[in-house]
Amino acid sequence: GIPLIKMQPTPVMLAVSYGLGAGAATIISAIVSLRYIKALSWKFNGASLRNTLAYSLPLALGTIVFSILNYTDTTMLGWLKDDRAVGWYTAAFKIPQVILAGGAVIGLPLFPLMVRSAESDLAVFKKAIKAAIQGLYLLALPLTIGGWVLAEKLIIALYGENYRGAIEPFMILILSLPIIFPIAILNLAAFAKNLQSVTAKYFGLAMGLNIILNYFLINIAGANGAAVATLISYGFGLGLTWRLMQRVTQDSLFDWPATQ
């Protein structure tokens with residue numbers, strides 16, 4: 001995608017490169033997964049299907065709502081501003097999203113441990129959550145500070161001079177890393193506790209807040225306003241989810257590193 005954008009730095013080319021990348025990833029995933037799909041047994045009974053749906057539908061709904069939350073800004077920017085603002089915001093938004101995807105993957109290996117310990121050993125369950133959050137903060141904080149300091153150089157290097165308008169939105173959006181990283185871990189922990197229906201509601205509330213904030217802030221500050229709306233909505237979602245898991249575990253879920 002980056003070579004295409006360098007050849008023609010326009011919002012249309014950004015959309016084309018994004019579509020090509022998503023399509024390529026889908027094809028590769030399908031090829032890799034094909035042998036596992038063929039090996040599946042397609043014999044289901046009614047009880048198993050009902051249990052599967054009861055667990056998976058709230059998770060799927062939460063994922064859909066979170067995806068809508070992520071792209072509400074771009075849609076409303078298109079309605080309230082112009083294509084240039086959409087292009088700047090999209091360019092700024094993609095960089096943190098790539099980093100966030102990597103952070104989410106880091107937490108996945110702990111999910112089996114969370115599932116096993118969620119009901120049988122609360123101490124291990126809490127320890128896994130804390131270790132994951134602390135580890136991701138060690139990754140998120142340097143990336144946030146470095147991205148903020150090097151914002152101008154990074155945007156110009158990736159997109160060119162025509163995307164200078166993406167610098168300020170990026171400086172705001174990069175601050176979302178310390179918020180979204182723990183959300184990814186807390187959502188896994190909530191799923192292990194069968195609380196995905198609750199977190200789906202929280203995402204819905206965050207999405208509603210994001211729509212309201214976008215309407216006002218985009219009219220005031222354009223792409224920068226959309227970035228601020230996203231940051232506040234993410235923080236709202238984190239607060240709700242963290243509070244939920246604190247009640248479940250009866251723990252703050254964060255221990256400051258001990259000093260010698």
Side-chain angles (χ1 to χ4, degrees), residues 1-40 42 52-53 56-79 81-109 111 139 143 147 154-163 165-167 169-170 173-174 176-177 180-181 183-184 187-188 191 196 200 203 206-207 210-211 214 223 226-227 230 233-234:
I2 293 176
L4 292 176
I5 295 170
K6 283 185 171 292
M7 291 171 55
Q8 189 177 347
T10 64
V12 173
M13 189 56 68
L14 181 64
V16 170
S17 62
Y18 177 74
L20 290 174
T26 301
I27 293 171
I28 293 171
S29 298
I31 294 172
V32 172
S33 304
L34 187 59
R35 61 174 178 169
Y36 299 105
I37 294 173
K38 289 180 177 179
L40 290 176
W42 297 102
T52 300
L53 291 176
S56 62
L57 284 180
L59 181 64
L61 178 61
T63 303
I64 292 170
V65 172
F66 188 69
S67 298
I68 295 173
L69 168 64
N70 283 336
Y71 291 99
T72 299
D73 311 331
T74 307
T75 303
M76 295 188 70
L77 268 173
W79 290 343
K81 292 297 179 179
D82 53 23
D83 291 343
R84 184 172 59 176
V86 173
W88 288 342
Y89 184 83
T90 303
F93 187 72
K94 290 305 174 187
I95 302 171
Q97 284 297 101
V98 171
I99 298 172
L100 291 170
V105 170
I106 292 174
L108 284 176
F111 183 60
L139 176 64
L143 288 173
L154 185 60
I155 292 295
I156 299 305
L158 290 176
Y159 301 110
E161 289 288 338
N162 290 338
Y163 277 83
I167 295 172
F170 172 75
L173 290 169
I174 198 67
S176 68
L177 296 186
I180 295 296
F181 274 1
I183 285 181
N187 281 333
L188 290 175
F191 187 33
Q196 56 269 30
F203 285 145
M207 182 182 69
N210 193 36
I211 292 172
N214 269 310
T230 296
S233 300
Y234 283 167

Which residues share a ring-ring contact (aromatic ring centres under 6.0 Å, His included) with Tyr71, sequence neighbours left out: none
Partner set under side chain to side chain donor-acceptor pair (under 3.5 Å) for Thr230, not counting sequence neighbours: Asp73, Tyr89
Test side-chain contact (heavy atoms from CB on, under 4.5 Å) applied to Asn214 and Trp79, step by step: CA-CA 11 Å; Asn214 269 310; Trp79 290 343; over 6 Å; no
Partners passing side chain to side chain contact (heavy atoms under 4.5 Å, CB included) against Ala92 (at least two apart in sequence or in another chain): Ala166, Pro169, Phe170, Leu173
Point-to-point distance, once rounded to the nearest 0.5 Å, from OG1 of Thr72 to CG of Leu77: 11.0 Å
Closest contact, heavy atoms only, Leu143 versus Ile174: O-CG1, 4.1 Å
Heavy-atom check, side chain of Trp88 versus side chain of Arg84, under 4.5 Å: yes
Residue pair Met76, Ile211: steps toward the side-chain contact (heavy atoms from CB on, under 4.5 Å) verdict: CA-CA 8 Å; Met76 295 188 70; Ile211 292 172; 4.2 Å; yes
Close side-chain approach of Ile167 to Tyr159, heavy-atom, < 4.5 Å: no
Heavy-atom closest contact (Leu177 atom, Pro96 atom, distance): CD2-O, 4.0 Å
Tyr234: partners by ring-ring contact (aromatic ring centres under 6.0 Å, His included), with sequence neighbours left out: none
